[in-house]
Amino acid sequence: MKGLIEEYACGYSMLRESIEGLAEEELRFKPSLDKWSIHQILIHIADSELVSTQRLKKFWLRIAAIDAN
């Protein structure tokens, strides 16, 4: 579990490094109408992070409540 948490913690840095040096034009480029730009993918990841964080909080609170009983 500790390894997973450490790997998860590296995600932000990995994303930053992967787009470092890209111009705004490159970030917003869509290879086709039905494909996402890098910018759209990053927004999706950020939104997913918020939802996942809330789900994890609820999960750990339930586990803590079960352990308390």
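Any value given below was found using the heavy atoms of this structure, including those in side chains, with hydrogens, waters and symmetry copies removed.
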Criterion salt bridge (Lys or Arg N to Asp or Glu O under 4.0 Å) on Glu20 and Arg16, from CA distance to verdict: CA-CA 6 Å; Glu20 188 174 325; Arg16 292 286 302 177; over 6 Å; no
Connected-component partners of Ile19 among ILVMFWY, side-chain separation under 4.5 Å: Leu15, Leu22, Leu27, Trp36, Ile38, Ile41, Leu42, Ile45
Sequence neighbours excluded - side-chain hydrogen bond (donor to acceptor under 3.5 Å, both in side chains) pairs with any residue from residues 45-66: Tyr8-Glu49
Under 3.5 Å: donor-acceptor pair, side chain of Glu17, backbone of Met14: no
Flag side-chain contact, heavy atom, 4.5 Å: Lys30 against Lys35: no
